[in-house]
Protein chains: 2
Amino acid sequence: MSEVVSARAASASATREAIGRAARRLFNRQGYAATSVRQIAAEAGADPALVIRYFGSKERLFLETMPVEGRFDHVTHGPLEGLGRRLVTSLLTEAPELTFSIWRSMLRASDSDLVRERLVTAMEQMFIVPLAPRLVGPHAELRARLVAAQISGLLDAVAVLGDARITEASLDQLVVLYGDSIQTLVDPPIDPTLDEQN
Amino acid sequence: MSEVVSARAASASATREAIGRAARRLFNRQGYAATSVRQIAAEAGADPALVIRYFGSKERLFLETMPVEGRFDHVTHGPLEGLGRRLVTSLLTEAPELTFSIWRSMLRASDSDLVRERLVTAMEQMFIVPLAPRLVGPHAELRARLVAAQISGLLDAVAVLGDARITEASLDQLVVLYGDSIQTLVDPPIDPTLDEQN
DNA sequence: ACCTTTCGGTCAACAGTGTTGACACGCGGG
DNA sequence: CCCGCGTGTCAACACTGTTGACCGAAAGGT
């Protein structure tokens, strides 16, 4: 079924994929703004005009080459107890280079409304949607969104600001400290001023 | 003493300040990448070349027009008890528009090493330096840096991603929920695996 | 008073950007 | 066989940040 239907089509999809690979590499290494369409084309051995013709614009090429599907379902669907710690572990352990460079690239390119919306829906799909209905106690959705905010903060510190003290800290310490802080929002709040009404 | 030393010098500083004002307005409204030097010059009634001559480059103009001095000393120097809540209150209350737009602009422009370094030192001066030596218990500096990360996360959610559910939530709820989560890192950790040695 | 230097401001140009349209060429289907 | 369509190429557009030469008038010296 995936046979070569024609030499032309094969050539087309081959160069398209070459452009995509070059774009992914360069965007991750240099960021969105510092990477030019001409540079991508040169690295892929193609013409700059082809890049636009195949992907519509530099912006859409960027979106297409930045995968943001959820890879944290096994955590967000797991038991609520200790979820904070497992979330931090998963973030810092599973394909961290990819997670970090994508976060860095997309956050810096979030001038663009398309990029920003993609980032927002990615965070919602990955964390808020699976987490919010599971949280017990008042303000479940708000708390889930604040968990996502905390994750953003950790990613900022590591991937954008590059805080060496955090990067070089032991994984165990980060997991316990930041994980327990996240857990505060996962567990039902104890403050009596937070009524059960909305 | 601050008399007009000459008509030329007065004119020079006047146009320089006009350029600075226009730049600050446009950078905050449209972001760094979307604002052109020619647009700033037009708004200030000056020549694009003058913008570069006075400020060196668009990047340095951006840095000069983005004030990042600390405005949270009264919180970070206050009592440790309830510091998390007061931090969130201060962030969301005192000149929030300015705080948010500056955070958004600088984070998106952090492709530039100068901007990134400025952002890092600003966070350190505002939160980590005053907070770290005051925290009791193990890993004081790491915990202070993680507090700063949490602040980044809140700013991301509000200023960059524009999470409506968080923006529209009542200040009291945010203060209690996120503030208490931050407080987890301010208070000494209880986990016995975190020894007192580094 | 004049002459010279200094300096704010203007203009044109440079190399580079994303994007668009017209054009060439060779494989595919009639 | 030939026509058409699609892959690829080329040149151009309007725009970007930045640079250097130039102009004119104010400042300083004699």
Side-chain angles (χ1 to χ4, degrees), chain A residues 3-24 26-27 29-66 105 108-109 111-115, chain B residues 3-24 26-27 29-66 105 108-109 111-115:
Chain A
E3 286 299 301
V4 175
V5 288
S6 75
R8 282 187 306 179
S11 167
S13 68
T15 60
R16 192 186 201 278
E17 284 167 19
I19 292 172
R21 277 194 305 272
R24 182 176 284 107
L26 292 172
F27 281 144
R29 191 192 310 165
Q30 313 173 348
Y32 178 79
T35 303
S36 75
V37 171
R38 284 171 172 82
Q39 188 183 3
I40 295 170
E43 183 123 342
D47 192 274
L50 262 191
V51 176
I52 301 298
R53 278 253 293 255
Y54 279 146
F55 292 90
S57 69
K58 181 190 178 186
E59 187 183 10
R60 287 212 286 276
L61 168 60
F62 176 75
L63 284 174
E64 201 155 323
T65 55
M66 292 284 122
S105 298
R108 286 176 175 162
D111 280 304
S112 147
D113 282 346
L114 278 91
V115 173
Chain B
E3 286 299 302
V4 174
V5 288
S6 74
R8 282 189 306 178
S11 167
S13 69
T15 62
R16 192 186 201 279
E17 284 167 20
I19 291 171
R21 278 194 305 271
R24 180 175 285 107
L26 292 171
F27 280 144
R29 193 192 311 165
Q30 312 173 350
Y32 177 79
T35 303
S36 76
V37 171
R38 285 171 171 82
Q39 190 182 0
I40 295 170
E43 184 123 342
D47 192 274
L50 262 191
V51 176
I52 301 298
R53 280 252 294 252
Y54 279 147
F55 292 90
S57 68
K58 181 189 177 187
E59 187 183 8
R60 287 212 284 276
L61 168 60
F62 177 74
L63 284 174
E64 202 157 322
T65 54
M66 291 284 120
S105 298
R108 286 177 175 162
D111 280 304
S112 148
D113 282 347
L114 280 91
V115 173

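Order of the sequence lines sets the chain letters (A, B, ...), proteins ahead of strands, with each chain counted from 1.
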When the distance from [atom1] of [X] to [atom2] of [N] is rounded to whole Å, what number comes out?
{"X": "F62(A)", "N": "dT19(C)", "atom1": "CZ", "atom2": "P", "answer": "14 Å"}
{"X": "E59(B)", "N": "dG17(D)", "atom1": "CD", "atom2": "P", "answer": "12 Å"}
{"X": "L50(A)", "N": "dC23(C)", "atom1": "CG", "atom2": "P", "answer": "18 Å"}
{"X": "F55(A)", "N": "dT7(D)", "atom1": "CZ", "atom2": "P", "answer": "13 Å"}
{"X": "K58(A)", "N": "dG16(C)", "atom1": "NZ", "atom2": "C1'", "answer": "12 Å"}
{"X": "R16(A)", "N": "dG8(D)", "atom1": "CZ", "atom2": "C1'", "answer": "16 Å"}
{"X": "D47(B)", "N": "dG20(D)", "atom1": "CG", "atom2": "P", "answer": "16 Å"}
{"X": "Y54(B)", "N": "dC7(C)", "atom1": "OH", "atom2": "C1'", "answer": "9 Å"}

For dG8(C), does OP1 or OP2 lie under 4.0 Å from any side-chain N or O of T15(B)?
no
Is S36(B) close enough to dC15(D) that one of its side-chain N or O atoms is under 4.0 Å from OP1 or OP2 there?
no
Considering every strand and a 4.0 Å limit on heavy-atom distances, what is the contact class for T35(A): base, sugar-phosphate, or nothing?
sugar-phosphate
Nearest nucleotide by nearest heavy atom, which residue falls closer to the 5' end of DNA chain D, R53(A) or A49(A)?
R53(A)
For the side chain of R38(A) and the base of dG16(C), is some donor closer than 3.5 Å to an acceptor across the two?
no
Is the positively charged end of R16(A) above the ring of F55(A), judged by distance under 6.0 angstrom from the centroid and angle within 45° of the axis?
yes
Between S57(A) and G45(B), which residue's closest nucleotide on DNA chain C lies nearer the 5′ terminus?
G45(B)
Between dG9(C), dT19(C), dT18(D), which nucleotide has the shortest distance from any of its atoms to the side chain of I52(A)?
dT19(C)
Starting from the C-alpha separation in whole Å, work towards a yes-or-no answer on side chain to side chain contact (heavy atoms under 4.5 Å, CB included) for E17(A) and R21(A).
CA-CA 6 Å; E17(A) 284 167 19; R21(A) 277 194 305 272; 4.0 Å; yes
Backbone N/O of P48(A) and side chain of R38(A): donor-acceptor pair under 3.5 Å
no
Can F62(A) and L114(A) be said to form a side chain to side chain contact (heavy atoms under 4.5 Å, CB included), step by step?
CA-CA 10 Å; F62(A) 176 75; L114(A) 278 91; over 6 Å; no
Heavy-atom nearest pair, Y32(B) first then K58(B), reads O-NZ, 3.0 Å
